[in-house]
Amino acid sequence: DKLILANGVYNLKDDSFTNAFDKEIHARVRHPIVYDPAATCPMFKGFVSHIAGEENLDFVFEWFGYNLYRDYSPIQKMLFLWGKGGTGKSTLSNLLAQFVGVENTSAVTLKHLMTERFAPANLHGKVATFDTDAKPQYLADGAVLKMLTGEDQMYADRKNREPITFYNYAKLTFAMNELPPMRDFSGGLKRRMMILKIDKVLGPEIKKLFPLDVIQKELPGIFNEAMI
């Protein structure tokens, strides 16, 4: 229920903040966000509104906040950013990685999660994973993704090491040009999928209008919006 930020501890239960670190909290994750209750994020809002539509702005903030939440209960979801190349999907994913802290993320690909037996172990201890160029492919029955986004204990093999069992808390964000065909007819995987369409190509004038270096300085404001 508490988030360790760069300058203190944020309590999710009562939306309070203290700049005194609690010695009783044995957290493995620290987020690089400097808490500032007055911070705003106009550039980020403009950028997201342009690439995904203003109607999806609240959803994006919710997804950013959800990535800080160390659980999949009761919301079992993963996000697919769908659209042609050059539309800002990777930029949005990278901003989210910076938001939660790059050191707290994994970059295991959708392909590897579905085909490599050692891949799920890379999610152990992470809060998010990203594939910024996910390739369309059959997801078989989707069993792995359903387990990763559920509340099931995962058994994961590790190369040249003992296997581990763990509960996955890493949120899954995949950016792709085409949606993968599905073979899962149970509805379990479909229920977990959220799709955000991003299809406006970012030209030089848009990149100039919403400079990335400015947006990257708005993480405190993004945090404030994500906590609403």
Side-chain angles (χ1 to χ4, degrees), residues 3-4 6 27-33 44 47-48 51-52 60 63-72 76-140 142-150 154-161 163-164 166-180 189 192-196 198 202 212-213 215-216 219 222 226:
L3 300 175
I4 309 301
R28 297 181 179 180
V29 175
R30 180 177 179 178
H31 304 289
I33 301 162
F44 179 78
F47 173 73
V48 172
I51 67 171
V60 171
W63 184 251
F64 270 59
Y66 182 51
N67 274 255
L68 298 175
Y69 184 60
R70 197 173 182 269
D71 207 342
Y72 264 104
Q76 301 171 337
K77 298 295 182 181
M78 57 184 161
L79 178 62
F80 288 82
L81 302 176
W82 170 44
K84 54 192 174 185
T87 54
K89 301 187 303 296
S90 295
T91 300
L92 186 60
S93 296
N94 291 334
L95 285 169
L96 178 52
Q98 293 174 42
F99 179 74
V100 301
V102 175
E103 67 278 6
N104 301 320
T105 70
S106 169
V108 61
T109 66
L110 175 61
K111 176 182 178 181
H112 286 158
L113 281 175
M114 300 308 299
T115 62
E116 299 290 338
R117 54 187 271 236
F118 301 120
N122 291 298
L123 302 181
H124 180 234
K126 302 300 183 180
V127 302
T129 188
F130 304 92
D131 183 354
T132 58
D133 189 23
K135 303 300 183 184
Q137 60 182 304
Y138 285 100
L139 298 182
V144 172
L145 290 180
K146 284 189 284 187
M147 289 183 68
L148 288 172
T149 53
M154 291 287 301
Y155 176 90
D157 284 320
R158 297 188 294 176
K159 193 172 184 178
N160 300 322
R161 299 172 67 186
I164 58 173
F166 70 100
Y167 289 97
N168 176 54
Y169 301 119
K171 306 306 184 295
L172 313 179
T173 300
F174 303 113
M176 52 180 52
N177 296 345
E178 299 177 33
L179 292 177
L189 187 60
R192 288 166 164 81
M193 288 181 62
M194 297 190 299
I195 300 171
L196 180 61
I198 299 177
L202 295 180
L212 183 58
D213 60 333
I215 295 176
Q216 290 170 332
L219 296 185
I222 298 172

To the nearest 0.5 Å, what is the distance between [atom1] on [X] and [atom2] on [Y]?
X: Leu96; Y: Thr91; atom1: CG; atom2: OG1; result: 12.5 Å
X: Lys89; Y: Leu196; atom1: NZ; atom2: CG; result: 11.0 Å
X: Met147; Y: Asn168; atom1: CE; atom2: CG; result: 10.0 Å
X: His31; Y: Asn67; atom1: NE2; atom2: CG; result: 9.5 Å
X: Met176; Y: Phe80; atom1: CE; atom2: CZ; result: 5.0 Å
X: Thr173; Y: Met194; atom1: OG1; atom2: CE; result: 8.5 Å

Next item on the list: State, to 0.1 Å, how close Met154 and Pro120 come at their nearest heavy-atom pair, and which atoms those are.
Entry: CE-CB, 4.0 Å
Next item on the list: Identify the heavy atoms of Lys126 and Ser106 that sit nearest to each other, and give their distance.
Entry: CG-CB, 4.1 Å
Notebook entry, point to check: Just wondering, do Leu110 and Leu145 contact through their side chains at under 4.5 Å, heavy atoms?
Noted result: yes
Check: Does anything in residues 87-127 pair up under ring pair (Phe, Tyr, Trp, His ring centres under 6.0 Å), and if so which pairs, sequence neighbours excluded?
Finding: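 As it turns out, the ring pair (Phe, Tyr, Trp, His ring centres under 6.0 Å) pairs with a partner in residues 87-127, which skip direct neighbours, are Phe64-Phe99, His124-Phe166.
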Margin query: Under 6.0 Å from the ring centre and within 45 degrees of the ring axis: does the NZ or CZ of Lys135 meet both conditions for the six-membered ring of Phe174?
Written below: no
Checklist line | Six-ring centre of Tyr66, Lys77 cation under 6.0 angstrom, axis tolerance 45° | finding: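 Checked: cation-pi criterion not met.
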Note to self: So for atom CH2, which belongs to Trp63, do other residues, nucleotides or ligands contribute more than 12 heavy atoms lying within a distance under 6.0 Å?
What the structure shows: yes
